[in-house]
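For the numbers below, each heavy atom of this structure counts, side chains included, while hydrogens, waters and symmetry mates do not. Labels below follow one simple rule: chain letters A, B, ... track the order of the sequence lines, proteins then strands, and each chain is numbered from 1. Bear in mind that the values here come from a model prediction, so they are computed numbers and not experimental data.
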Protein chains: 2
Amino acid sequence: MLSKKTKYGLKALAYLATQPDKKPVQISEIAEKENISQKFLESILLSLRKTGFLGSKKGKGGGYYLLKSPEEISMTDVMRVLEGPIAMVPCVSLNFYETCDDCPDENTCSVHKLMLQVRDSALDVYRNNTLKDIIS
Amino acid sequence: MLSKKTKYGLKALAYLATQPDKKPVQISEIAEKENISQKFLESILLSLRKTGFLGSKKGKGGGYYLLKSPEEISMTDVMRVLEGPIAMVPCVSLNFYETCDDCPDENTCSVHKLMLQVRDSALDVYRNNTLKDIIS
DNA sequence: GAAAACTCTATTAAATTAGTAGGGTAATAA
DNA sequence: TTATTACCCTACTAATTTAATAGAGTTTTC
């Protein structure tokens with residue numbers, strides 16, 4: 001299940017991407033328009049800023065804005081930052097790999113075999129979508 | 001993230017699928033070989049029996065066995081029973097559809113658009129894999 | 001210098017997960 | 001028929017994660 005954090009983060013990014021110019025948008029505006037708890041959104045935007053997706057400007061007339069253009073923002077990167085691993089089990093994760101403590105051999109594990117395919121198919125989707133692709 | 005329930009359920013099904021004949025296999029044997037808590041496995045096998053994947057036999061020499069041959073068991077069905085919805089958000093779920101309370105319009109929702117593709121790609125994988133395909 | 005807006009820390013309520021405990025019931029072989 | 005084996009069921013719980021909420025603090029800009 002997709003976490004609210006990811007959902008809200010994606011919506012906020014999409015909202016910023018539809019802005020005509022690069023003028024900062026206030027948290028309160030995004031929160032209201034996208035029906036998101038302002039405080040929760042605050043922490044999400046903060047993490048998107050720390051990971052290089054957003055810039056922020058303080059003071060009057062401040063807010064958040066995209067650091068890159070929407071077509072340069074890959075869903076792969078966004079999902080990894082917001083949701084974490086794309087794989088459904090750590091033993092098939094590219095960026096968050098871990099061995100399973102219960103599994104004696106990955107190569108003969110049926111779960112591994114299936115989840116590898118699921119990961120690849122999900123990666124395909126994310127790699128083929130930038131922020132520009134998903135805004136209406 | 002894949003739940004342990006699903007993981008264990010898949011492993012148990014795979015274990016049963018590799019049995020030479022259709023002789024019932026005891027819970028204790030599967031639990032031991034696959035490193036699964038016996039009691040937890042018990043509840044998982046029970047749900048697989050109630051949903052028509054497994055048959056069981058009581059008494060001495062009893063246990064669980066597959067009701068169909070491995071190539072007739074689709075991962076789509078298994079995943080839906082063990083893990084629940086394949087979609088990451090209810091608004092793109094085929095079997096567990098729900099509207100999002102926060103979203104005014106699905107058709108213009110970026111999250112919806114992206115998750116629809118993810119669901120379809122996952123479904124593709126599950127539809128193309130039977131139990132037979134994932135056993136080594 | 002005051003208002004606007006971002007930043008940070010801490011706390012919490014609810015939900016889910018992954019078990020654990022323990023007894024009860026049914027079927028089979030001997 | 002009787003002992004054993006193995007399934008069946010309910011209830012409880014510890015740990016973790018999620019989704020906030022509260023409130024104070026800091027920085028910037030007009």
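Here the nucleotide nearest the side chain of A:S3, chosen from C:dT28, D:dA19, D:dA20, is D:dA19. The side chain of B:F40 lies closest to C:dA18 when the candidates are D:dA19, C:dG23, C:dA18. In this structure, of D:dT28, D:dA24, C:dA18, it is D:dT28 that holds the atom nearest to the side chain of A:K58. Side-chain proximity of A:K57 to the nucleotides D:dT29, C:dC8, D:dC7 is greatest for D:dT29.
To the nearest 0.5 angstrom, B:N128 atom CG is 9.0 Å from B:S74 atom OG.
B:T130 and B:D133 are linked by a side-chain donor-acceptor pair at a separation below 3.5 angstrom, with hydrogens and angles left out of the test.
In the interface, the side chain of B:E42 is paired with the base of D:dC8 through a donor and an acceptor atom under 3.5 Å apart.
What separates CE of B:M1 from C1' of D:dT18 is a distance of 14 Å, to the nearest Å. Taking atom CD1 of residue B:I36 and atom C1' of nucleotide C:dT20, one finds them 16 Å apart after rounding to whole Å. As a whole-Å value, the separation of A:M88 CE from C:dT17 P is 12 Å. Rounded to an integer number of Å, the gap from CD of A:E29 to C1' of C:dA4 is 15 Å. Following rounding to the nearest Å, A:K11 (NZ) and D:dA19 (P) show an atom-to-atom distance of 14 Å. Between B:L82 atom CG and C:dA18 atom C1' there is a gap of 15 Å when expressed in whole angstrom units. When rounded to the nearest whole Å, the span between OH of A:Y65 and P of C:dC6 equals 11 Å. The CD1 atom of B:I44 sits 15 Å away from the P atom of D:dC8 (whole-angstrom rounding).
If you check every strand for non-hydrogen atoms under 4.0 Å, B:L45 touches nothing.
Within the 3.5 Å criterion, the main-chain N or O of A:Q117 finds no donor-acceptor partner in the side chain of A:D120. With A:R49 contributing its side chain and A:S56 its backbone, the two residues share no donor-acceptor pair below 3.5 Å.
Contact annotation: A:S37 side-chain N/O to D:dA19 OP1/OP2 distance is not under 4.0 Å. Put simply, B:K50 has a side-chain N or O that comes within less than 4.0 Å of OP1 or OP2 on D:dC9. Proximity of B:Y64 to the phosphate of D:dA6: no side-chain N or O atom is located under 4.0 Å from OP1 or OP2. Between D:dA19 and A:Y8, no contact under 4.0 Å exists linking OP1 or OP2 to a side-chain N or O. Between B:S56 and the phosphate of D:dC8, there is a side-chain N or O to OP1/OP2 separation shorter than 4.0 Å.
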Quiz prompt | Residue pair B:E29, B:Y15: steps toward the side-chain hydrogen bond (donor to acceptor under 3.5 Å, both in side chains) verdict | solution = CA-CA 10 Å; B:E29 180 183 334; B:Y15 188 85; 2.6 Å; yes
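Nearest-nucleotide positions on DNA chain D for B:Q38 and A:L2 put B:Q38 closer to the 5' end. Projected onto DNA chain C by closest heavy-atom contact, A:K60 and A:L46 fall at different nucleotides, the more 5' of which corresponds to A:K60. Mapping A:G59 and A:K5 onto DNA chain D via the closest heavy atom, the residue that lands nearer the 5' end is A:K5.
In terms of hydrophobic clustering, with Ile, Leu, Val, Met, Phe, Trp and Tyr side chains grouped at heavy-atom distances under 4.5 Å, B:M88 and B:I86 are assigned to different clusters.
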